[in-house]
Amino acid sequence: MIPALVDHLPALQVVTPLLCAPLCVLVRPGRAAHAIASFGAIASLAIAARLLAEVLDHGVLSYALGGWAAPWGIEYRIDGLGAFTLVIVTTVAAVVFPLSRASVEAEVEPARRHLFYAALMLSLAGMAGIAVTGDLFNLFVFLEIASLAAYVLVAFGRGGPAKLAALRYLVAGTVGATFVLIGIGLLYAATGSLNMADVSARLPQVQQSTALKSAFAFLVIGIAIKMALFPLHAWLPNAYARAPSVVGAFLAGSSTKVAVYALIRVVFGVFGADYAFARLSVDWVLLPCAAAGVIAGGVVALFQSDVKRMFAWSSVAQVAYMVLGAALASAAGLSAALVHMMNHALMKAAIFLALGGIVYRTGAVSIDALAGIGRRMPLTLAGLVVASLGLVGVPFTAGFVSKWTLLRAALQGDAWLLATVIVAGSLLTLLYTGRIVEAACLRSPPPGSVSTGTAEAPPGVLAALWLLAGASVFLGLDTSLTVGVAERVAGALLESAAGRWR
Amino acid sequence: MSLSGSYHYLAVVLLMVTGLYVVMVNTNLIKKVLGLNIFQTSVFVFYISLGRLEGGTAPILADELSRYANPLPHVLILTAIVVGVATTALALSLVVQIHRAHGTMEEDDIDDREGGATIS
Amino acid sequence: MIAAAAVVLVVSMAMVLVRALRGPTLYDRILAANHMGSSAVLLIAVYGFFDGRPEFLDIALAYALINFIATIAVLKYFAYGDLGAAGVREERNDA
Amino acid sequence: MSTWHLINAGLLGFMVAVAIAVAALRNLFAAVMLFAIYSLSAATLFVALDAVDVAFTEAAVGAGISSILMLATLAATDGREKQHRHRRALPLVLCLALAVVLFAGLHDLAPVGDPAAPAHVHVAPRYLSETATEVGVPNVVTAVLASYRGYDTLGEAVVIFTAGLGVTALLGGHFRRRRSGKNGDV
């Protein structure tokens, strides 16, 4: 990379996908837009990887936009947590966007494909912005960019139900964003600043203030709506199930992770663990919600007949796992949450891609439509099963690593009940994965369907699927990439927060 | 706190609760969008009240003046208003499409027609 | 004197608001909204003098324009839209 | 000064009354007209709170564009809300909880206009004192918007672009179809 550009990487991380979006609209034909979107995603991954390396080597990067110093101008501030989140989001984008063209062509009208790719780029830009910004109001702006793009993407799904799902997502998301805005306003009123580091440094002076507690409540609830934390999850299942498969793969892989990032950033970065947990005991709210989410998400998923909706419900449970880890407020719990963010992003993206491949061939993803699919699409199904086993937490998959670290973190805190919930959640996942395997391999295809020979998912989708599933197995064997980095990130986060309130 | 200092905030709370109540209770989609707008506007009132400075005037510099309102909340709310109208526009176009597809704007009716398939 | 003008305007706005809230026909509400806009224009103009910065009169002018355009838009949809007549009939049933 | 309070309290009272009326009315057309009044009152209030730029934007965007968009939507759909079965208890409890949390927070803040409030002493004074030399625009709001916090404004433009893209994707073919086949559609 050109040396002069390296200094501007934080800005480029956002600007690259942002510039690709209008280009996608301008070039019009779907194929050219697809090429631009692929370039944008891959370039973003390269930038994110470079940023992570820089941050791990040299510590926090600060970038003053427009040259205005921190509390007055907007600061981009990238630490380990931000860079790690960026890598998660851009990895999903860089695998899904380039390789899933066939799936998009099957599910989105030709006249709107360029708009579809532009919306994908905007969503990516919004998420990148959330992860790099060090300014609270700027966080709100990027949250809204990412969210609006996500509503548009869901609305690309077929027919009225997708539009209704998008509108319900929009209403819930806007209420969440407005809550975040109220929280930011209260924080600003209490401290006079919008810069996260500055706010954080000034908080001890006003720590008795009720306004601060109120601000904390609004921010946490607002972000919890955005990440679909149980019981604020109502918008998610339909939104992900009715969106085009590629959107499901991208959003399930990245959007909720970014919201979890925002929660960790606000709770640990801005308010600090001491304030949030020792003073406000927020774990007494978050842990029950998360535990209930793990169980409820799993149970409801078990009874779904639409496989996409089944895995959308499974996302509700998996997000709850991440919150559970973070709410343990220990280095072990936090790093477990981060590892699970990475692993779940890869596995869920793989699963939705596999479902996209099945939709491409059969036009439907109900359990009944899957009957006998094991013989017709063995590779697609195998990929789906490998990724699902990762979700269960079977040894030698990435999911095992994250569930295991989570379990260990819970046991370290003597939280036996939570440990039971974690294991029970895994069993539920095993059960609904079992339903799919049973239908696909043991049932015979419905009479009347043409089932001669094999008809796999399109090659690109298959490649992306196996790339993600393979990565999930690889990360299950070599944990230094995820656990190693996550432990350093979590340690730094707790260290920077500790001692500020004494 | 004296009443003269807090009635702005009291009004903000009332507006916000009214807006959110409309969003949660009404099943008519246009009404929901209206409620969302009321909800958002109440936050704008909150921010602008924060920016008010006793004895100050609008933050447009003039030689003979020295006390101005805080410009920062104004800037933030300018952005938030635009974000709000963008959301409204998107929401309303979704409503038009839902009406085209289902022939109604009542969530209840749509759910009934789908045979209770929507577990949300 | 200026303060008195401001007070009178607020009171008149309150009276218009009653009409807007009670209806009973849609025309009452449209007229009330329009009147509310005109009162707001006057209030802003008066407030400029009250505050000692009358140069903000241009805001009042912009409001007047917006008010005019919005009323045209309302009436256009009322006259040519698909629902105007039905709205009036149902309103009368309410009252 | 009491005139100022009267104007403020009056406008806030109008807003509360209109908001409650919007919640109660079932005629959507009337609700939209009242919403326009609501936005207009908010915009007038912003002038009284010395936020002239925001007042301008709220009047044009809130009272103007939003209302017209809603009217256009009404013209393309139904005009009246149906009587429906409500689930009122839980929303009411949630709303009351919200009111308590919010009021507790707001009550704790410095009174409106207090010069010692943190918001007035920390970051903002620098904008007021340095804008003349650093940016050279008399309107400080413009200076902060375009310069100090210019990236928020860029983000704002991106939000509009995103919404425009969404509306195009959703309604792109819709009005063309409507115009050609108007009779069959209504």
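These numbers come from a predicted model, not from an experiment. Within every chain, numbering begins at 1; the chains are lettered A, B, ... in the order of the sequence lines, protein sequences first and strands thereafter.
For chain D, no part of F116(A) is nearby; none of its heavy atoms comes within less than 4.5 Å. In this structure, chain D has no heavy atom under 4.5 Å from any part of F142(A). Looking at F140(A), there are no atoms closer than 4.5 Å to chain D (heavy atoms on both sides), in backbone or side chain. When heavy atoms are compared at a cutoff of 4.5 Å, N195(A) does not approach chain D at all. Contact annotation for V25(A): only side-chain heavy atoms (C-beta onward) come within less than 4.5 Å of a heavy atom of chain D. If you measure heavy-atom distances from I221(A) to chain D, you find no contacts under 4.5 Å at all. Within the 4.5 angstrom heavy-atom criterion, only side-chain atoms of Y76(A), from C-beta onward, approach chain D. Heavy atoms of F218(A) lying under 4.5 Å from chain D belong exclusively to its side chain. Heavy atoms of A104(D) lying under 4.5 Å from chain A belong to its backbone as well as its side chain. For T210(A), the parts lying near chain D are the backbone and the side chain together; criterion is any non-hydrogen pair under 4.5 Å. Only the backbone of E156(D) comes within less than 4.5 Å of a heavy atom in chain A; its side chain stays farther off. Within the 4.5 angstrom heavy-atom criterion, only side-chain atoms of A217(A), from C-beta onward, approach chain D.
A salt bridge links D135(A) to R149(D): one of the charged nitrogens lies within less than 4.0 Å of a carboxylate oxygen.
Options A11(A), G129(A), P71(A) differ in how many heavy-atom pairs under 4.5 Å they form with chain D, and the most are formed by P71(A). Among the candidates S193(A), A215(A), A111(A), G73(A), the residue making the largest number of heavy-atom pairs closer than 4.5 Å to chain D is S193(A). Between chain D and the residues E109(A), K163(A), R202(A), the most heavy-atom pairs under 4.5 angstrom are made by R202(A). Most heavy-atom pairs under 4.5 Å with chain D, from the set L153(A), L122(A), L148(A), V152(A): that is L122(A). For the options G185(A), A189(A), S147(A), A149(A), heavy-atom pairs under 4.5 Å to chain D are most numerous at A189(A).
Taking each heavy atom of A118(A) and L165(D) in turn, the nearest pair found is CB-CD1, 3.5 Å.
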Hey, mind stepping through H122(D) and D198(A) against side chain to side chain contact (heavy atoms under 4.5 Å, CB included) and telling me if it holds? CA-CA 10 Å; H122(D) 181 43; D198(A) 195 29; 2.6 Å; yes
Show your reasoning for whether side chain to side chain contact (heavy atoms under 4.5 Å, CB included) applies to L18(A) and L154(D). CA-CA 10 Å; L18(A) 208 54; L154(D) 174 72; 4.2 Å; yes
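Note: R112(A) CZ to L170(D) CG = 7.0 Å, rounded to the nearest 0.5 Å. Expressed to the nearest 0.5 Å, how far OH of Y151(A) lies from OG1 of T162(D) amounts to 11.5 Å. Taking OH from Y151(D) and CH2 from W68(A), the interatomic distance works out to 14.0 Å, rounded to the nearest 0.5 Å. The OG1 atom of T133(A) sits 8.0 Å away from atom CG of D152(D), with the distance rounded to the nearest 0.5 Å. Taking OG1 from T153(D) and CD1 from I74(A), the interatomic distance works out to 7.5 Å, rounded to the nearest 0.5 Å.
In summary, of the residues considered (V100(D), L109(D), V101(D)), a side chain to side chain contact (heavy atoms under 4.5 Å, CB included) with S214(A) occurs for V101(D) alone.
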